2 protein chains.
Amino acid sequence: MSSDRLMYLPLGGAGEIGMNCYVYGYGPRGKERLIVVDLGVTFPDMDGTPGVDLIFPDIAWLEERADRIDAIFITHAHEDHVGAVGHYWNRLKADVYARPFTANHARRKIEEQGGNPDAVEVVTAWPDQVQVGQFTVGFLPVSHSIPESSALVIDTPAGRIVHTGDFKLDETPVVGEPFDRAAWKDMAQGGVKALVCDSTNVFSLHPGRSEASVGPEIERLVADQTGMVVATTFASNIARVKTLAEAGQRAGRSVCLMGRAMRRMIEAGVQSGVLADFPKTVAPEDASQIPRENLMLIVTGSQGERRAASGQLSRGKYLGLEMAEGDLFLFSSKTIPGNERGVIRVINAFSEMGVDVIDDSSGMYHVSGHANRPDLQEMHALVKPKALIPMHGEHRHLRTHAKLGREAGIASIVAPNGTMVDLTEDVPQVADYVEAGRVYLDGSAYIGALDGVVRDRIRMALNGHVLVTAIIEEGGEPLGDPWCELSGLPEMGSSNAPLAEVLEEDLSQLLNRASNKTLADDEKLEAEFRKIVRQTAQTEIGKKPEVTVVVSRLS
Amino acid sequence: MSSDRLMYLPLGGAGEIGMNCYVYGYGPRGKERLIVVDLGVTFPDMDGTPGVDLIFPDIAWLEERADRIDAIFITHAHEDHVGAVGHYWNRLKADVYARPFTANHARRKIEEQGGNPDAVEVVTAWPDQVQVGQFTVGFLPVSHSIPESSALVIDTPAGRIVHTGDFKLDETPVVGEPFDRAAWKDMAQGGVKALVCDSTNVFSLHPGRSEASVGPEIERLVADQTGMVVATTFASNIARVKTLAEAGQRAGRSVCLMGRAMRRMIEAGVQSGVLADFPKTVAPEDASQIPRENLMLIVTGSQGERRAASGQLSRGKYLGLEMAEGDLFLFSSKTIPGNERGVIRVINAFSEMGVDVIDDSSGMYHVSGHANRPDLQEMHALVKPKALIPMHGEHRHLRTHAKLGREAGIASIVAPNGTMVDLTEDVPQVADYVEAGRVYLDGSAYIGALDGVVRDRIRMALNGHVLVTAIIEEGGEPLGDPWCELSGLPEMGSSNAPLAEVLEEDLSQLLNRASNKTLADDEKLEAEFRKIVRQTAQTEIGKKPEVTVVVSRLS
């Protein structure tokens, strides 16, 4: 027993905000039994991951040890926590535990990827507990921006760990369980070995506001409007969708949900029983018959996504509806860093239509789902852990959160993805570093972040692409002239002739004066071609394109 | 005389923040003499303009009328106002008027592009005026974030126009002229026909703070530090650079400027006489000899640019200096929307080194160079124009600014790029719409935004690229098998064979069963190849790549 150890290993979510995946282990060193907390995704962008569909944590370490996994626990149904369950379940084949609303999502995702949805076990909340191997795990409700979010109380022979998941301290969350200080205090009574804690809002210095504070503001706003009102928020923020819908209803408006995710989330909420009393809605097909001053749309696309309902409306008619002068568009949401350009594009498009837009800058119509700095400090004080391990944050969040812990006298450690931490003793120690990277879902293929595929795409996008073909006869003589095809490059160069022709001219000259040795050697010939293309392009258009050379040899 | 008209035409900067270019005309309809105000650039991004070096306003309309241009006026030396002067002077060949500091930049830019720097005329400030044709133009000092910024007071036979340029109301700007309310009031006394006004900060609801308010905060911060202090701001914000340097000096630190732009700007400031009493600095080569607690670096890279000094320091040693645990990095700057990812990357890299970072979120160490909403209202009240034309803003800024004007009883018009406005009468009227677009500098080539070059790059980046080559013999028979080269695509597909091989197999089959008619028709053959590649790739990797086909015919 004395050689058993308790370990923590983040494979995603520590050093970034997204693709959460945390591993806990207990048992003989190197043979620990494992549980996995969350299997999430993160989203690609044009800057670093053009063309990629989704980004997953690299779970090679886990896969190699799949036989040691006792279970997977999902804290809540946000994509950065549950999004990879479908894709990865087939590789891990462990039981998945989640509360009903989250389980609903996990099941669908596993089913979509051809896995067995029955692997998902629905659990009830704390004080109930699930026993898997030497771990006893309880789902302790927290407030967040999606129903049934839970912290995990993980009991091991070496002590109790509290993994907060995403949380805020909200006693009036509109939908779902209020944050229950008494229950938390009670849970922590017997001593908590480590608090593994959400760090997202560690830079927000004021105490967080309750979800309930948003309703009256939105109601006042909607009541004042004379045109159509359209509001957007994350579809999964069911409390907010309800708040918006109620504001519409109280202002005597028919409420219409637009966008697939929006309708599906509300359905899931009703089905799983977390959402009662949602106002009656009208179908999008019927909405266009209703006078605009009596209509309120709640739509997808809070991040300015082109294909979401907000994006469609910003470009014109969508499902028979069109925004017009005097209408209001409300972002009841925060723009996630990196999405600013898309959101601003939508706002300006609405501005051109004469639509008034209220974005997130006022702070009146949105509250965050994460604990701010004073709330994190309250959580530390409530749980009184021996050790604090910040998670769910970029490095700057983790580091600042750890400082906060130390200021409160708690042993705190910054453990980015791949850092295996030994929690057996009271002071956490780094035990090892393991490979932790990213895997891209690209169409239907999985590619490693370091495979070079995306790097090649970025290079083509930055430099353009020239394709050179040449044919060499059996005897080693060139047959005809080399041929160039350009992609993503200007047609004309500085010598005022088509760039392709100038390149072909220079390549022909090279070919004509090439030695037999060069002509006989594909590699050499390709290198020479590449060099000429890059030199000539540099002269003609001031840039060096990517070059692909195909030499065909007749035989 | 009665048929003469006064017109305003923005070709850049109205409907965006960047690439400012405004045209004023006076004379017989369609034959007006013209003056140009500012010739700026905007910067590319990976989302929409990968590989592009700079973005210019499309001045085709102006070029066609170059013989009618009496002069070009530059309000200040920011790149979005002066950046295109070098590239465009050769096309317009008009005299360029600017105050000394701005003229210094304009001359260098014209010289770099092989134009005649003597075309730049240095002017003195208001109440002096320059007469060109029927325009009499005065440079009325405003406060902004670069020295010698000026509004233009443009007198025409039809009345006085005030073009604010970029401005704020700052009576203690640290460097350069304080905003002089009395002079402005006096200038407006005789009546102002139209105020063409900066709209950047129309969404900032509190009165703007003075540049002088930043100094004491920065001083307090620097005085408290025990490690090396590194601060960044825009190099052109000479007042801020001075404030930072003085804070360093007062804390007993040696000050070192790093980054080419930073050193060049300070030199230009000293040379043109706008900058007196800049603290003594040490050369970067000598800085590494100084104990870190006695050193303050002021560096380029406030927007997280990879190649700037901040970016270099975030990746390791730069000019012999390296940041370490206990050092401070201060962003005395604002992150421009769209640059968040780069800035956050730098912050996290510093966090990993143990460096404390202060970003722009506190608002204590930076003030904006633009007038906030109450300041705009004060400007309206001060100038009392008959008409207001908001400029220097996205559509949402222009629209909101125009609303503000209307609320104050001023005839206000939203005129995005390409909108020709007739100012002859008291109420401005849209007279015409002209083509106003963007031109990209790509390496050394100019490409139209709609030429499809950049679109092709984006497609390659999103979809990858397949290159197919095939050889057809004289008789129309295929010679050998088609050949595929992939770029930016995964190597393996769902059938667990190399994607290139699967594609080649399918293309071979197509070629073998193709009719003589298809084999004889290049276009048809290419279309068939493309179809097969896209179909097979969709099956194998779930995406449809870009395809280039080269069919070589032996003859």
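What you see is a predicted model; the values in this text were computed from it and never measured.
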Inter-residue atom distance [X].[atom1] - [Y].[atom2], 0.5 Å rounding:
X	Y	atom1	atom2	answer
Asn339(B)	Glu340(A)	CG	CD	9.5 Å
Thr469(A)	Trp483(B)	OG1	CH2	13.5 Å
Arg457(A)	Ser487(B)	CZ	OG	11.0 Å

Do the non-hydrogen side-chain atoms of [X] and [Y] ever get within less than 4.5 Å of each other?
X	Y	answer
Asp451(A)	Pro490(B)	no
His465(A)	Met460(B)	yes
Ile344(B)	Arg396(A)	yes

Kindly indicate, with the supporting measurements, whether the criterion side chain to side chain contact (heavy atoms under 4.5 Å, CB included) is fulfilled by Val550(A) and Val550(B).
CA-CA 10 Å; Val550(A) 177; Val550(B) 177; over 6 Å; no
In terms of heavy-atom proximity below 4.5 Å to chain A, should [X] be classed as side chain, backbone, both, or neither?
X	answer
Leu467(B)	side chain
Ser361(B)	neither
Val454(B)	neither
Glu540(B)	backbone
Lys544(B)	neither
Leu486(B)	neither
Asp359(B)	side chain
Asp47(B)	both
Ile471(B)	side chain

Among Gly493(A), Pro337(A), Gly354(A), residue most engaged with chain B (heavy-atom pairs, under 4.5 Å):
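Among the listed options, the one with the most contacts to chain B is Gly354(A).
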Under a 4.5 Å cutoff for heavy-atom pairs, which residue among Pro50(A), Ser362(A), Ala461(A), Gly443(A) has the most contacts with chain B?
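Heavy-atom pair counts peak at Ala461(A).
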Step through the shown structure and confirm whether more than 12 heavy atoms of other residues, nucleotides or ligands are within 6.0 Å of [atom1] on [X].
X	atom1	result
Glu485(A)	CD	yes
Arg306(A)	CZ	no
Glu504(B)	CD	yes

Taking NZ, NE, NH1 and NH2 as the nitrogens, is one of them in Asp53(A) or Lys543(B) under 4.0 Å from a carboxylate oxygen of the other?
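Result for this pair is no, no salt bridge flagged.
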Flag the one option from Gly452(B), Gly342(B), Gly51(B) with the top tally of heavy-atom pairs under 4.5 Å to chain A.
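Among the listed options, the one with the most contacts to chain A is Gly51(B).
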Tell me, out of Asp456(B), Asp442(B), Leu398(B), Ile447(B), who's got the most heavy-atom pairs with chain A below 4.5 Å.
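If we count pairs closer than 4.5 Å to chain A, Asp442(B) comes out on top.
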Tell me, which pairs form a side chain to side chain donor-acceptor pair (under 3.5 Å) where one or both residues lie in residues 344-353 of chain B, sequence neighbours left out?
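Qualifying pairs: Glu394(A)-Asn348(B), His395(A)-Ser351(B).
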Tell me if a side-chain donor or acceptor on Arg399(A) pairs with a main-chain N or O of Val355(B) at a distance below 3.5 Å.
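Yes: the side chain of Arg399(A) pairs with the backbone of Val355(B).
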Do Leu462(B) and Met46(A) pass the side chain to side chain contact (heavy atoms under 4.5 Å, CB included) test, and can you show the C-alpha distance, the side-chain angles, and the key distance before you say yes or no?
CA-CA 8 Å; Leu462(B) 294 176; Met46(A) 187 69 188; 3.9 Å; yes
